[in-house]
There are 2 protein chains.
Amino acid sequence: MTPTTHLDATFAALADPTRRAILARLALGEASVTELAEPFAMSQPAISKHLKVLELAGLISRGRDAQRRPCRLEAAPLAAANEWLEAYRQLWETRFENLDVLLQEMQAAEQQSTRRKPPKPRKKP
Amino acid sequence: MTPTTHLDATFAALADPTRRAILARLALGEASVTELAEPFAMSQPAISKHLKVLELAGLISRGRDAQRRPCRLEAAPLAAANEWLEAYRQLWETRFENLDVLLQEMQAAEQQSTRRKPPKPRKKP
DNA sequence: TTGTTACATAACTATGTGGTTATGAATTTA
DNA sequence: TAAATTCATAACCACATAGTTATGTAACAA
């Protein structure tokens, strides 16, 4: 019903460079927490927090292997975010072209009249 | 040099449903601040703040039309975010398939041995 | 049992975010 | 000129976030 919250969490999770790096690392395969924490100049609890954010966003899931908690990627939320972006990107780019044309026309009109436009009364009660 | 910051700002901007709605509205064409604020149960300064976030992220730009500040979309940051997602989504899905197979194998193995796995000595100095 | 490894959690701090109301500035309209 | 419209900004609040250190817990190893 409300995929809005999912998108919120997904984009918020992606907004942090550490978390994006973790995801990039996990794209190469499963990894434990300490393995994930190693390349970062950051404490282990900080990484655990990031992993919890990613887990709550549904971007990763965690298993059990003795003491280790191997993290693995989950594709579904990414697909949703990708769909959102993709859908609007198309609108964007076409719209962008339209505006480009519109801007050129407006600039041409302004060069003729040297900034003077008729008042546009917007709808008012 | 550091597109990381741009991605940070782009994803953070997309993490808010109000801002996503604003972008969706702008995909239909330019709009003024009050026009953008109208559908939301929120004060005008709140919308102005959201617009500033979107502007700092480079997702929109603003013009001048008398007192109005028409907002228009900018496609470039979206394209960058889209590229990031798209690149990793492919890795993800293939990886996901691999893990799917791997999981099935592990589950089958576990059903036979009823949870008992040989110790895996990880690399240690 | 004792220790070690791998990880989580609690408590705390600093900063960021999303909202508010109040006010000010720029521009058009009367 | 005065008034109305459009928008931004300042000051403030509540809460979230990103990090820290310290400590606890679960599983393996001696």
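Contact annotation: the side chain of B:Leu7 never approaches that of A:Pro17 to less than 4.5 Å [non-hydrogen atoms, C-beta and beyond]. Taking the side chain as every heavy atom from C-beta outward, B:Leu54 and B:Leu26 never approach each other to under 4.5 Å.
Distances shown here put a side-chain N or O of B:Arg19 below 4.0 Å from the OP1 or OP2 atom of C:dG18. Phosphate proximity of D:dC7 to B:Lys52: absent, as no side-chain N or O sits under 4.0 Å from OP1 or OP2. Side-chain N/O atoms of A:Arg62 include one lying less than 4.0 angstrom from OP1 or OP2 on C:dA8. Considering only side-chain N and O atoms, A:Ser48 lies under 4.0 angstrom from the phosphate OP1 or OP2 of C:dA8.
What you find for A:Ala57 and A:Ala9 is that their closest heavy atoms are CB-O, 3.7 Å.
In this structure, B:Arg68 places its CZ atom 9 Å from C1' of C:dT28, rounding to the nearest Å. What separates CD of A:Glu38 from P of C:dA6 is a distance of 11 Å, to the nearest Å. Rounded to a whole Å, the CD1 atom of B:Ile47 is 11 Å from the C1' atom of C:dG18. Nucleotide D:dT17 holds its P atom 11 Å from the CG atom of A:Asp8, rounded to whole Å. Rounded to an integer number of Å, the gap from A:Leu54 CG to C:dA8 C1' is 16 Å. The CD atom of A:Gln67 sits 13 Å away from the P atom of D:dA26 (whole-angstrom rounding). Rounded to an integer number of Å, the gap from CZ of B:Arg64 to P of C:dA26 is 9 Å. Between the P atom of D:dG19 and the CD1 atom of A:Ile22 lies a distance of 10 Å, rounded to the nearest Å.
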Please write out each protein N/O paired with an N/O of nucleotides 19-24 of chain C under 3.5 Å, distance rounded to 0.1 Å.
{"unit_1": "C:dG19", "atom_1": "OP2", "unit_2": "B:His50", "atom_2": "NE2", "d": "2.2"}
{"unit_1": "C:dG19", "atom_1": "N7", "unit_2": "B:Lys49", "atom_2": "NZ", "d": "3.2"}
{"unit_1": "C:dG19", "atom_1": "O6", "unit_2": "B:Lys49", "atom_2": "NZ", "d": "2.2"}
{"unit_1": "C:dT20", "atom_1": "OP1", "unit_2": "B:Ser43", "atom_2": "N", "d": "3.4"}
{"unit_1": "C:dT20", "atom_1": "OP2", "unit_2": "B:Ser43", "atom_2": "N", "d": "3.1"}
{"unit_1": "C:dT20", "atom_1": "OP2", "unit_2": "B:Ser43", "atom_2": "OG", "d": "2.6"}

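Considering B:His50, B:Glu74, B:Arg62 in turn, B:Arg62 is the only one that fulfils the side chain to side chain contact (heavy atoms under 4.5 Å, CB included) rule with B:Glu55.
Panel note: side chain A:Arg19, backbone A:Ala21; no donor-acceptor pair is recorded below 3.5 Å. In this structure a side-chain-to-backbone donor-acceptor pair under 3.5 Å is present from A:Arg64 to A:Ala66.
Donor-acceptor pairing under 3.5 Å is recorded for the side chains of B:Ser48 and B:Gln44.
Distances were taken from every side-chain heavy atom of B:Val33 (C-beta onward) to each of C:dT9, D:dA8, D:dA27; the shortest belongs to D:dA8.
Residue order along DNA chain D, read from the 5' end via each residue's closest nucleotide, puts B:Thr34 first among B:Thr34 and A:Arg69.
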